Amino acid sequence: MVRAANLNQEKKLSINKSARAISLETLIRVLADGSYSNISLNNSLQHSSLSLTDQNLATRIVYGTIQYRLFLEYQLKGLVRTKITEKYLKPLLLMSLYQIIFLDKVPNRAVLDEANKLAKQFGRHHSSGYRIINGILRSFIRRGVILPDKKDRIRYLSIKESVPEWLVNYFINNFGIKKTESVLTSINQPAKNSVRISSLVDSKQVFAKLKADGYEPQWSNLSTHDVVLNHGGISQSDLFKQGKLTIQDEAASLVVEAFNFDQEADHVLDACSAPGGKTVQIAENIKGDVIALDIHEKKLNLVRENARRMHVEDRVKTKACDARKAPEIFKPGEFSKILVDAPCSGLGLLRRKPEIRYTKSLQDLRNLQKIQLAILNSVSSLLKEQGELVYSTCSISIEENEQVVKQFLRQHPSYKLEPFKLSKLESETGMLKVMPDLDGNDGFFIAKFKLRG
């Protein structure tokens, strides 16, 4: 009872907080406590009474501050003359710097005033934090933005685009300097609000409804079933609740397009299914069924919820299982199609999940490669002759993509890469990599294999 009362009190307190107070709260949890930005921010916004405008402001401050963390920390160089001990101070400094530098419509005096109020609100009794904040921010306004010398190319790009040096160096070695600069610039742009319209409804009618509801929809440049909206909030709409569309990035929706579905007989395995976006997309395109696996039963609840909302629950079956142990459950050659949307580093999602850039390492890519290959090796025995196996990741690394394909083919000579056509793209090699600087999409990799008969 006491805990329930405390939770209710927290919700009541949250209701009256400003956009910047919620931003600071979220940033403390993310930067100091290691929480996920999307989960933490969504929880705070759900328990607030903020207008849509203020929700957008809080979202921009949180994601912008995390995106530009290295750049913002560099701006403190030479300005911090005392030890920062209170947990809220650094996040407040960083979010205030972000507003001063990047939010042109917000006057500096308003940022300073709000920062002082938040310092008094979040600081300990008799805290001098507001004086520290005020002094540092005023000193920055007088001095302005600083960057490393351009001669140190790696260091300069790392700070300017706020990406760790190892990752800048990795991109240059694999993609070249021009492509690296393009990718780094693109990942700091706002993520698009994209939805995929169900193939079970009239897409033109849904598009017209989106237009009437003020979303200013535009058809995707990558796919014929995706639409880009001018703002968020679609999950509260009737279209979403009625299962006529789902929230999915354009590049992510291309994966299922790589299959050639047999409308009469397909029996499909989605080996790494949660939260179920691709499972649902498969189910929309078959008259058979799709078995959705995930190692965690709780995550399969999301798959089932998505399937119910999108009206394909009769075609979706779930099973809590580590995909590497799938042969212990299913028969050899049981499936006509298999999707392995493998666990990965998420390096294609740097725009949408900015903290990824600070938490991954080169060793992570190598460790994930072992898991990805283990999953592919395991499920490959479950595909029938002439069946199709699609492998995908939301990463752009060589280790998790091209190297995985190369090693899998070496170990499984009965498999070959199969060229494929999508609604607006095609691959003659059987592999397709969508980079984050292509029209502002997530980065994604798709490879299609076929088992020789």
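Remember, it's a predicted structure, so these values are computed and weren't measured experimentally. Numbers here simply count residues along the sequence, with the first being 1.
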Pair D238-K209, salt bridge (Lys or Arg N to Asp or Glu O under 4.0 Å): steps then yes or no: CA-CA 10 Å; D238 289 340; K209 176 62 174 168; 5.7 Å; no
Geometric class of the Y415/H412 ring pair [parallel <30°, tilted 30-60°, perpendicular >60°]: perpendicular
Short N-O contact, R69 and E73, less than 4.0 angstrom: yes
CG-CD1 distance between L27 and I22, expressed to the nearest 0.5 angstrom: 12.0 Å
For D289, all residues meeting side chain to side chain donor-acceptor pair (under 3.5 Å), sequence neighbours excluded: H267, K317
CA sep, side-chain torsions, deciding dist, call: L376, Q407, side-chain contact (heavy atoms from CB on, under 4.5 Å): CA-CA 10 Å; L376 275 176; Q407 291 189 53; over 6 Å; no
Exercise: do E400 and S345 side chains pair donor with acceptor under 3.5 Å: yes
Distance-only polar pair, side chains of S199 and E284, donor-acceptor under 3.5 Å: yes
Aromatic plane relationship, F71 with Y68 - under 30° parallel, 30 to 60° tilted, over 60° perpendicular: perpendicular
Between CZ on residue R153 and CG on residue N169, distance to nearest 0.5 Å: 9.0 Å
Exercise: do D437 and S182 side chains pair donor with acceptor under 3.5 Å: yes
Over 12 foreign heavy atoms within 6.0 Å of CD, E428: no
Salt bridge present between K448 and E257 (N-O < 4.0 angstrom): no
E418 side chain to L389 backbone, donor-acceptor under 3.5 Å: no
Donor + acceptor pair across side chains of S273, D294 (<3.5 Å): no
ring-ring contact (aromatic ring centres under 6.0 Å, His included) between Y391 and F408, intermediate numbers included: CA-CA 11 Å; Y391 171 78; F408 176 73; 8.4 Å; no
Result of checking R196, K424, K192 against E250 for salt bridge (charged side-chain N to carboxylate O under 4.0 Å, His left out): K192
Donor-acceptor contact present, side-chain Q55 to main-chain L50, <3.5 Å: yes
Lys/Arg-Asp/Glu bridge criterion (N-O < 4.0 Å) met for R155, E165: yes
Residue list, side chain to side chain donor-acceptor pair (under 3.5 Å) with Q75, at least two apart or on another chain: none
Pair S162-Y358, side-chain donor/acceptor within less than 3.5 Å: yes
Side-chain donor-acceptor contact under 3.5 Å, S361 with D364: yes
